[in-house]
Amino acid sequence: MSIKIAGTGSYIPERVLTNADLEKMVDTNNEWIVTRTGISERHIAAENEVTSDMAAAACRKALEAAGVDASEVGAVIVATCTPDYTFPSTAANVHRKLQMSKAFCFDLSAACCGFLSALETGTSLMVANKKYRYVLVVGAEKLSTIVNWEDRSTCVLFGDGAGAILLENVDDGSDSGLIASDMNTDGNWSDILKLPGGGSVNPASHETVDAKLHAIHMQGQETFKLAVNAMVSACRKVEADAGITISEDIKVVVPHQANIRIIQAVAKRLGITEDQVICNINRYGNTSAASVAIGFDEAVRTGKLQRGDLALLASFGSGLVWGAQLVRY
Ligand code: UT7
């Protein structure tokens with residue numbers, strides 16, 4: 001059994017929010033943001049443009065790239081921490097917007113590691129059951145709705161967007177799609193990066209709104225330190241399991257785009273060149289579950305990743321959840 005990446009797509013909303021714009025909103029400056037994070041601008045979805053719109057747009061492009069009709073898709077997994085609603089799922093709204101027929105649709109919550117978690121889940125679904133010939137794996141976020149725009153330590157970091165991969169079970173024995181992975185969780189760190197309000201712990205109330213509990217709360221430095229070690233160790237585990245050498249065999253590494261300094265530290269410890277790393281954080285900021293999916297699509301569309309090449313995906317985020325995946329395009 002072989003599961004191939006039949007097509008990729010991404011969607012970035014039109015409106016750009018620059019560092020100069022943020023200087024007018026909070027006590028920050030372009031130099032601090034660029035040197036501490038690598039971000040120059042991020043894109044913000046229109047008010048009436050919701051997560052499922054962006055997810056559907058990315059899926060449409062992945063389907064077009066593969067020449068596959070939406071009616072043929074057997075399942076859609078949308079990784080997101082900014083769903084349209086708590087329920088119904090964002091994936092069900094994608095089903096409606098793409099006028100799908102038979103697709104089994106659900107959302108997956110693993111924050112910034114959502115796309116890798118969805119790729120792991122989607123692939124496993126296809127391995128377990130041959131009736132899923134085509135599966136769409138999506139990362140989509142409207143993080144602008146959960147940012148506290150008065151908190152300079154977080155509001156400069158995040159952006160909106162979506163990315164998608166269409167998986168196809170080609171069943172030809174070829175060595176393609178997800179080849180090896182190392183996925184992890186450590187719930188003991190769940191307090192360092194969270195959205196405290198709106199769930200069963202702090203149900204929505206006037207008090208939770210006043211206390212800004214419906215926005216991202218992050219302990220940045222702690223998260224930073226854990227991110228580098230965790231991503232490097234997951235990449236090394238995949239390298240050993242797959243019997244490859246990252247610096248020689250991998251065409252591109254697609255890391256989660258949280259901070260340019262995290263990406264550079266991971267690249268240095270993996271012994272890879274700048275050319276091997278997909279980096280678009282300067283343009284999009286941190287798009288959480290969407291970031292690796294957008295980066296992967298860019299690698300394909302810019303020709304950096306060609307058919308048959310190996311890519312290494314790596315991500316890290318709230319949970320904590322982290323992982324790495326070896327993928328053949
Ligand atoms: O995607 C999920 C995973 N997320 C991450 O991996 C994020 C990891 N963390 C980070 O990327 C970084 O920790 C941040 C970018 C969030 C923060 O960078 P930092 O170098 O760790 O800064 P800091 O929090 O230690 O703050 C340093 C200083 C503080 O001032 P004092 O106390 O030294 O006077 C902050 O108040 O920078 C100040 N500061 C800012 N100054 C201007 C914090 N935010 C800003 C800002 N503009 N936007």
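Only this structure's heavy atoms are used, side chains among them; waters, hydrogens and symmetry mates stay out. Both counts, for ligands and for their atoms, begin at 1 and track the order of listing.
With a heavy-atom cut-off of 4.0 Å, Val26 does not touch ligand 1 at all. Both the backbone and the side chain of Thr28 come within 4.0 Å of ligand 1, judged by heavy-atom distances. Using a 4.0 Å cut-off between heavy atoms, Phe224 contacts ligand 1 through both its backbone and its side chain. Only the side chain of Ile262 comes within 4.0 Å of ligand 1, counting heavy atoms alone; its backbone N, CA, C and O stay farther away.
Polar contact with ligand 1: present for Gly220 (N/O pair, distance under 3.5 Å).
Defined by atom type and a distance below 3.5 Å, a donor-acceptor pair is present between the side-chain atoms of Asp151 and Ser153. In this structure, a donor-acceptor pair under 3.5 Å is present between the side chains of Tyr11 and Glu49. Donor-acceptor pairing under 3.5 Å is recorded for the side chains of Arg96 and Asn93. Checked by atom type, the side-chain pair Asp107/Thr90 shows a donor-acceptor distance below 3.5 Å.
Among all non-hydrogen protein atoms, the one lying nearest atom 39 (N) of ligand 1 is Trp32 CZ2, 3.5 Å. Shortest contact from atom 2 (C) of ligand 1 to any protein heavy atom: Cys112 SG, 3.2 Å. Nearest to atom 11 (O) of ligand 1 among the protein's heavy atoms is Asn259 ND2, 2.7 Å. Summary of contacts: the protein heavy atom closest to atom 38 (C) of ligand 1 is Arg152 NH2, 3.6 Å.
For atom 34 (O) of ligand 1, the nearest protein heavy atom lies 4.0 Å away or farther. Atom 31 (P) of ligand 1 is not flagged as protein-proximal [any protein heavy atom, distance under 4.0 Å]. Checking atom 13 (O) of ligand 1 against the protein gives a heavy-atom contact under 4.0 Å.
In this structure, Asn19 contributes its side chain and Ile39 its backbone to a donor-acceptor pair below 3.5 Å. Here the side chain of Asn30 pairs no donor or acceptor atom with the backbone of Ala20 at under 3.5 angstrom. A side-chain donor-acceptor contact under 3.5 Å links Asp84 to the backbone of Ser52. Looking only at distances, no side-chain donor or acceptor of Ser174 sits under 3.5 Å from a matching main-chain atom of Ser176.
Under a hydrophobic-cluster definition in which Ile, Leu, Val, Met, Phe, Trp and Tyr are linked whenever side-chain heavy atoms come within less than 4.5 Å, directly or via other members, Val292 and Leu108 are assigned to the same cluster.
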Practice item. Just do the side-chain hydrogen bond (donor to acceptor under 3.5 Å, both in side chains) check on Asp160 and Ser144 with the steps written out, would you? Key: CA-CA 7 Å; Asp160 300 334; Ser144 55; 2.7 Å; yes
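For ligand 1, the atoms closer than 4.0 angstrom to any heavy atom of Leu193 are 2 (C), 3 (C). Close contacts between ligand 1 and Asn286 involve ligand atoms 1 (O), 2 (C) [criterion: under 4.0 Å to a heavy atom]. Applying the 4.0 Å criterion to heavy atoms of Val156 picks out, from ligand 1, the atoms 48 (N). Annotation for ligand 1: atoms under 4.0 Å from non-hydrogen atoms of Thr37 are 15 (C). Every atom of ligand 1 is numbered from 1 in the order shown, and the set under 4.0 Å from a heavy atom of Met218 is 4 (N), 7 (C), 16 (C).
Residues Val254 and Leu312 form no side-chain contact, since every pair of their non-hydrogen atoms from C-beta on lies 4.5 Å or further apart.
Within the set Arg36, Glu31, Lys225, Gln257, the minimum heavy-atom distance to atom 20 (O) of ligand 1 is found for Arg36. Of the candidates Arg261, His256, Gln221, Gln219, the one placing a heavy atom closest to atom 18 (O) of ligand 1 is Arg261. Of all the listed residues (Asn19, Thr223, Thr35), Thr223 holds the heavy atom that lies closest to atom 4 (N) of ligand 1.
For the pair Arg307 and Tyr329, the distance from NZ or CZ to the six-membered ring centre is under 6.0 Å and the angle to the ring normal is within 45 degrees.
Leu22 does not count as a contact of ligand 1, since none of its heavy atoms falls under 4.0 Å from the ligand.
In this structure, Pro255 and Ile263 approach most closely via the heavy-atom pair CG-CG2, 3.9 Å.
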